Amino acid sequence: PSMNCPISPDGVPMRNEIIQIGAAKTDQSLNIIDTLRLNIRLEKGRILSEHVMRLTSLTPNALKDGLPFPAAYEQFQQWTQDVPCILTWGSDDLRSSNLAFYGLETLPQKWYDAQRIYRYRLNGTVIKSSLSSAMEHFGIVPDRPLHDALNDAYLSAQVCQHLDVASALPLYYQMPTGPRLMNKLRARSV
């Protein structure tokens with residue numbers, strides 16, 4: 001918050017700069033078959049905050065040697081070219097200001113929020129739907145630290161193995177989202 005966010009030549013601000021891309025590619029049964037981790041160089045000399053360094057265990061040196069975002073995104077595009085859809089944990093990955101900042105198009109695959117599917121599968125009974133709480137719900141013991149993009153993707157894939165994602169996807173756009181889900185829960189409790 002103490003730093004001004006970069007503004008593109010077209011006037012697009014880049015808030016919440018992506019510093020790492022992590023992904024776990026799965027087969028039809030959601031077994032992990034490949035992984036990808038890309039560190040991304042910070043734009044315009046920005047530096048990591050102490051909070052982000054503590055949370056992610058990333059260092060300025062790790063990012064200094066990272067790729068520029070457009071090159072990392074191109075590598076991610078190539079890596080995902082044969083996948084039919086992309087699951088994320090939360091909807092933040094779907095609204096990247098980084099893409100707009102660099103004038104890049106979103107990937108052509110359909111994107112789905114696995115957190116939304118998790119809440120739906122549990123019939124709206126889960127209010128806290130962090131990745132760690134979902135792992136706890138399914139008895140998944142983390143074998144790697146959270147808040148690393150690859151580790152979070154890997155652990156999200158493990159949670160998705162418990163969700164019957166294939167049968168949830170046709171219903172995805174009828175599933176309540178955050179505020180709609182909260183209103184539905186309040187209506188039930190009255």
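Basis for what follows: all heavy atoms, side chains included, without hydrogens, waters or symmetry-related copies. Remember, it's a predicted structure, so these values are computed and weren't measured experimentally. Throughout, numbering of the chain's residues begins at 1 and tracks the sequence.
Residues satisfying the ring pair (Phe, Tyr, Trp, His ring centres under 6.0 Å) criterion with Phe101, sequence neighbours excluded, are absent altogether. By the ring pair (Phe, Tyr, Trp, His ring centres under 6.0 Å) test, His147 pairs with no residue at all, sequence neighbours left out. Not a single ring pair (Phe, Tyr, Trp, His ring centres under 6.0 Å) links Tyr154 to another residue, sequence neighbours left out.
Here the side chains of Lys64 and Leu42 are not in contact, with every heavy-atom distance at 4.5 Å or above. Counting heavy atoms from C-beta outward, Leu155 and Trp89 have side chains that stay 4.5 Å or more apart.
At least one test fails for Arg41 against the ring of Phe69: distance under 6.0 Å to the centre or angle within 45° of the axis.
For Gln109, the CD atom is densely surrounded, since the number of other residues' heavy atoms within 6.0 Å is greater than 12.
Side-chain atoms of Lys25 come within 3.5 Å of backbone atoms of Trp79 as a donor-acceptor pair (strictly under, hydrogens ignored).
Cluster membership check: Ile32 shares its hydrophobic cluster with Leu163, using side-chain heavy-atom separations under 4.5 Å among Ile, Leu, Val, Met, Phe, Trp and Tyr. Leu48 and Ile21 are assigned to two separate hydrophobic clusters, defined by single-linkage of ILVMFWY side chains at heavy-atom distances under 4.5 Å. A single hydrophobic cluster is seen to contain both Leu131 and Phe138, as judged by linkage of ILVMFWY side chains at heavy-atom distances under 4.5 Å, directly or through other members.
Residues Ser49 and Arg54 bring no donor and acceptor atom of their side chains to less than 3.5 Å of each other.
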